[in-house]
Amino acid sequence: MKLTAAQIAELAEYLESAQLERREVVKITDRYPDIGMEDAYAIQNQIKQRKLARGEQIVGLKVGLTSYAKMKQMGVETPIFGFMTDTCVIQDASEIPMATLIHPKVEPEIAFFTKAAIRGPGCNIATVLAATDFVMPAIEVIDSRYRDFKFDLVSVVADNTSATRFIVGGKATPVTNLDLAALGVVLEKNGRIEMVGAGAAVVGHPATAVAMLANHLAACGEEIPAGSIILSGGITEAIPVQAGDSISLQIQHLGGVTTRFV
Ligand code: OOG
Ligand code: MG
C-alpha cells in the first residue's frame, strides 16, 4: 500500500460525495500519481463501508472492462471488480431521472444469479455454471464520477468501477443447454440499433468473467455468496444517454429489458 489509512478514508469520502452530490471530480491519480491497485480496492472498500453504515445493502457484484473493445481501449488484460447496493436497482420498464446522475452511459450485459456460493481459487466456466441458478439480460448504467468520463485503471477501481444503476428483465433462463458465448445481443436507443454483439465478447465466455471475480475474491479469503446477482461485464462499448432516451436490450433466448431516461 502506498497510501495511509487517512488518505484512503479521505479519497473514499471525495469519490462518494461526488456520487451523492452528482458532480464530476478530478481523477485521484492527478493528486496521488503513485496509487497502486491495492490502494484502489482499499478506497472502493471504504466506499462500501460508508454505504453499509448508512444502511444500504449489498445486492450484487460486477465485473468490468471484460469486453475486448474496452480492454484494448484501456490497455488492460485483467478485468476490474465492483459492488452494487439496493440503491442501484431499477425495475424493468421504469424511468430513471437524469437529475440523479452525472453523465450516464448504458451497456448490455448478462446477469448471473447464484444458487450456491462460488469460492476460488481455481474457478472456471464449469464451476460458475454449476452454481448458477439462471441468467437474465441486464442493462448496466455506468456513471463515472470523473470529469468527462475519463480515467485510468486505478482511478476507476477506486470509483467502484463507475457502478450506478442496473436493470434486469426478460426470462430467468437456466444455463443448461444454453451456450452463453453464442448468444446474440442487440442494444437499441429510441428504436434504432446502436450496438450488436455476442456473449463471447466478454473474455470469450461470460462465465469466465464470473470465475475471475471468484478467484479475485479468494485472494482476500472472500467468495461470491449464494443468492448474488453478478453483472458479467459490458458486451459492447457503452453508449451515452440523455433525458428522453428509451433503451431496449434484447438477448437471444433470454428476452428483453428496457428503461427510459427522463
Ligand atoms: C468502467 C466500468 C466498466 C464494464 O462492464 O465494462 C464496466 C467504465 O467503463 O466506466 O462496467
Ligand atoms: Mg458494466
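All residue numbers in this chain count up from 1 along the given sequence. Start at 1 and go down the list; that is how both ligands and their atoms are numbered.
In summary, the side chains of T29 and S155 do present a donor paired with an acceptor at a separation below 3.5 Å, with no hydrogens or angles considered. A side-chain donor from one of K51 and Q19 sits under 3.5 Å from a side-chain acceptor of the other.
One finds a salt bridge joining K70 and E107 here, because a Lys/Arg side-chain nitrogen approaches an Asp/Glu carboxylate oxygen to under 4.0 Å. R145 has no carboxylate O lying under 4.0 Å from a charged side-chain N of E24, or vice versa, which leaves the two without a salt bridge.
Note that CG of L183 and NE2 of H253 are 6.5 Å apart. Values are rounded to the nearest 0.5 Å. To the nearest 0.5 angstrom, T161 atom OG1 is 9.0 Å from L231 atom CG.
The number of protein N, O or S atoms lying under 2.8 Å from the Mg ion (ligand 2) is 3.
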Protein N/O near ligand 1 N/O, under 3.5 Å, which pairs?
unit_1, atom_1, unit_2, atom_2, d
ligand 1, 5 (O), E107, OE2, 2.7
ligand 1, 5 (O), E109, OE2, 3.0
ligand 1, 5 (O), G234, N, 2.7
ligand 1, 6 (O), L65, N, 2.8
ligand 1, 6 (O), K70, NZ, 3.2
ligand 1, 9 (O), K70, NZ, 3.2
ligand 1, 10 (O), S162, OG, 2.7
ligand 1, 11 (O), K62, NZ, 2.8
ligand 1, 11 (O), E107, OE2, 2.8
ligand 1, 11 (O), E140, OE1, 3.0

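No side-chain heavy atom of L249 sits under 4.5 Å from any side-chain heavy atom of V186.
Separation of the Y146 and H103 ring centroids does not fall under the 6.0 Å cut-off.
With hydrogens and angles ignored, the 3.5 Å screen pairs a side-chain donor or acceptor of Q44 with a backbone N or O of V157.
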